[in-house]
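Comments concern the structure below.
FYI, the numbering just counts along the sequence from 1.
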Amino acid sequence: MRRGMLSDLFTGVVAKKLTLVETITEKSNQHEFQGTRPLRRLLGEDDRRGIPTHFIWISGEQEALAEDGFMSWSNVRKGKPRAAEYHLYYSGNTVTELMQPGDMLFLALQRDGSILVVITPSGTIQNQLVWLFGIEEQAEFGFTFQEIDGNNNAELDFAARYILDELGIEPEEPEADQLDSLIEKFGLAFPTTRIFSELARSSLPEVSAADDPDRALIDWMDREEQLFRRLERRIVAARIGDGFRMPDGADVDGFLSFSLSVQNRRKARAGQALENHLEAVFGAQGIRYVRGAETENRNKPDFLFPGQQEYRDPDFPAARLTMLGAKSTLKDRWRQVLSEAVRIEDKHLLTLEPGVSENQTDEMQAKKLQLIVPQRLHTTYRLTQQAWLMDVASFLSVVRDRQDG
């Protein structure tokens with residue numbers, strides 16, 4: 001099934017690390033950027049006033065803030081004999097007030113002419129955006145321009161759509177009618193996550209976890225996400241159509257509660273779907289496992305190999321035991337895995353989150369936690385990290401060797 005392209009959303013992007021004079025501090029309140037050559041390549045030579053702009057500040061564990069504003073692009077020497085000098089002015093708001101020197105600013109020109117501004121400190125989100133936009137290494141504090149061309153940019157695959165979702169952007173599905181035909185039987189109600197996961201796998205008969213477990217896990221998760229979003233759109237549209245009204249006016253509390261339930265359902269189902277598809281991978285590979293087995297202090301690792309009985313048997317060699325945590329997104333929750341199986345010193349954690357920061361992966365290594373990422377997502381990590389990462393097939397080989405031993 002064809003997916004959208006990044007060029008369907010953006011024409012180009014510039015990025016830079018912010019300097020003191022570009023941030024709103026007690027020492028500076030200029031609200032502007034110098035119109036360097038990369039900005040001129042992005043915005044052109046014509047003056048533009050009041051460009052609709054969506055500002056986002058995002059960092060860390062569910063920390064995000066967004067506000068709408070505007071930018072203006074102008075040649076301050078227009079009509080004068082001296083060389084052109086451009087400035088990009090921006091409206092001050094709660095997002096720009098959070099800017100700090102050293103933060104990375106991404107300024108993307110959208111297809112409709114509006115601008116998306118994302119500000120983020122160093123870390124995972126920054127790495128993800130650098131990868132998404134294909135930005136090359138730039139000078140420390142100078143703008144870097146990257147054109148987004150439909151002829152050379154990749155499809156909006158699982159990793160790209162994951163990052164866009166973090167920004168609150170949900171691209172259209174080019175072949176949505178095919179998805180709709182698969183979910184028609186559910187009407188306006190969600191089936192169980194297990195049923196949805198089975199539907200996702202059955203809709204991709206060409207994908208084999210026995211032949212390529214890395215591809216299977218990503219493709220199945222991607223398809224389930226597509227199906228889920230299509231059904232969710234129908235259900236949410238119907239609920240909004242019914243209105244949020246009370247006899248004395250708008251039902252604000254009802255609307256907020258409904259919105260929160262939508263977000264919570266997305267997060268909960270993503271984690272359950274990942275575990276469902278991992279079970280299918282283990283089954284196709286002939287791997288013995290137990291899902292949700294109980295260890296010490298009522299901890300329950302997502303997966304224990306070969307099983308709970310062996311784990312509780314003091315005569316069973318600890319070297320032949322394996323545990324796997326599975327988290328669709330990490331944030332700062334990966335440390336929870338460290339205490340889930342005392343007998344197993346070297347632990348494993350699988351995630352679908354692209355571009356996790358080096359600080360986090362360095363800490364994982366120090367704490368003897370091996371990160372597993374499907375092969376297709378390895379390119380979202382830095383080269384220094386890729387040598388250490390493990391893919392799904394390699395993990396399965398480790399488990400099989402221990403079980404056969």
Side-chain angles (χ1 to χ4, degrees), residues 6 10-43 51 53-61 63-67 69-73 85-110 115-148 159-160 163-164 166-167 169 331 353-362 379-385:
L6 192 63
F10 305 101
T11 62
V13 63
V14 293
K16 76 182 304 291
K17 287 188 177 181
L18 294 170
T19 63
L20 179 63
V21 297
E22 293 167 332
T23 60
I24 301 208
T25 69
E26 294 179 358
K27 296 182 179 180
S28 174
N29 196 27
Q30 294 188 48
H31 293 67
E32 68 180 72
F33 298 104
Q34 290 291 325
T36 57
R37 185 177 298 276
L39 269 175
R40 292 174 69 174
R41 291 181 65 187
L42 180 72
L43 298 173
I51 308 169
T53 303
H54 187 58
F55 295 87
I56 300 174
W57 180 86
I58 184 168
S59 171
E61 178 76 20
E63 296 175 342
L65 185 66
E67 186 167 327
F70 66 88
M71 285 188 150
S72 291
W73 174 246
E85 180 182 321
Y86 285 85
H87 286 234
L88 180 64
Y89 302 92
Y90 60 89
S91 58
N93 54 65
T94 55
V95 171
T96 60
E97 287 173 0
L98 294 172
M99 297 192 310
Q100 295 293 322
D103 289 352
M104 184 76 83
L105 176 138
F106 298 85
L107 192 155
L109 184 61
Q110 303 187 91
I115 291 174
L116 173 68
V117 170
V118 184
I119 299 144
T120 177
S122 62
T124 298
I125 298 295
Q126 186 178 123
N127 293 349
Q128 292 171 348
L129 291 171
V130 167
W131 174 84
L132 176 70
F133 291 121
I135 296 172
E136 302 294 335
E137 292 295 327
Q138 70 264 13
E140 183 69 10
F141 292 106
F143 271 116
T144 294
F145 169 76
Q146 178 62 50
E147 183 180 10
I148 300 174
I163 299 167
L164 290 171
E166 291 286 288
L167 301 178
I169 299 173
K331 307 302 181 184
E353 182 164 357
V356 174
S357 71
E358 286 184 286
N359 286 341
Q360 290 203 59
T361 55
D362 287 347
T379 57
T380 67
Y381 289 72
R382 296 180 182 272
L383 289 175
T384 52
Q385 296 170 293

Is there side-chain contact between [X] and [Y], with heavy atoms separated by less than 4.5 Å?
| X | Y | result |
| --- | --- | --- |
| Asn127 | Trp131 | no |
| Leu98 | Ile119 | no |
| Leu109 | Phe10 | no |
| Ser72 | Tyr90 | no |
| Glu358 | Thr384 | yes |
| Phe143 | Leu105 | yes |
| Leu116 | Ile56 | yes |
| Glu85 | Gln34 | yes |

Which of these, Thr36, Leu39, Leu42, Val13, sits in a side chain to side chain contact (heavy atoms under 4.5 Å, CB included) with Phe145? Leu42
Single hit among Leu167, Leu132, Val130 for side chain to side chain contact (heavy atoms under 4.5 Å, CB included) with Phe106: Val130
Is it the case that Glu147 and Thr11 place a side-chain donor and acceptor less than 3.5 Å from each other? no
Would you say Thr120 and Gln126 are linked by a side-chain donor-acceptor pair, where the criterion is simply a distance under 3.5 Å? no
Is it true that a side-chain atom of [X] and a backbone atom of [Y] form a donor plus acceptor pair closer than 3.5 Å?
| X | Y | answer |
| --- | --- | --- |
| Gln128 | Pro354 | yes |
| Thr380 | Gly355 | yes |
| Asp362 | Asn359 | no |
| Thr53 | Ile51 | yes |
| Thr124 | Ser357 | yes |
| Gln385 | Val356 | yes |

Nearest heavy-atom approach of Gln146 to Phe133 is CG-O, 3.1 Å
Nearest heavy-atom pair of Met71 and Phe33: which atoms, and what distance? CE-CE1, 4.3 Å
Please lay out, stage by stage, how Trp73 and Arg40 fare under the test side-chain contact (heavy atoms from CB on, under 4.5 Å). CA-CA 9 Å; Trp73 174 246; Arg40 292 174 69 174; 3.7 Å; yes
Are Phe70 and Tyr89, when compared by the centres of their aromatic rings, separated by less than 6.0 Å? no
For Thr144 and Val14, what are the C-alpha separation, side-chain angles and deciding distance, and is it a side-chain contact (heavy atoms from CB on, under 4.5 Å)? CA-CA 5 Å; Thr144 294; Val14 293; over 6 Å; no
Test side-chain contact (heavy atoms from CB on, under 4.5 Å) applied to Leu129 and Ile135, step by step: CA-CA 8 Å; Leu129 291 171; Ile135 296 172; over 6 Å; no
Output for pair (Tyr86 OH, Arg37 CZ), nearest 0.5 Å, gives 11.5 Å
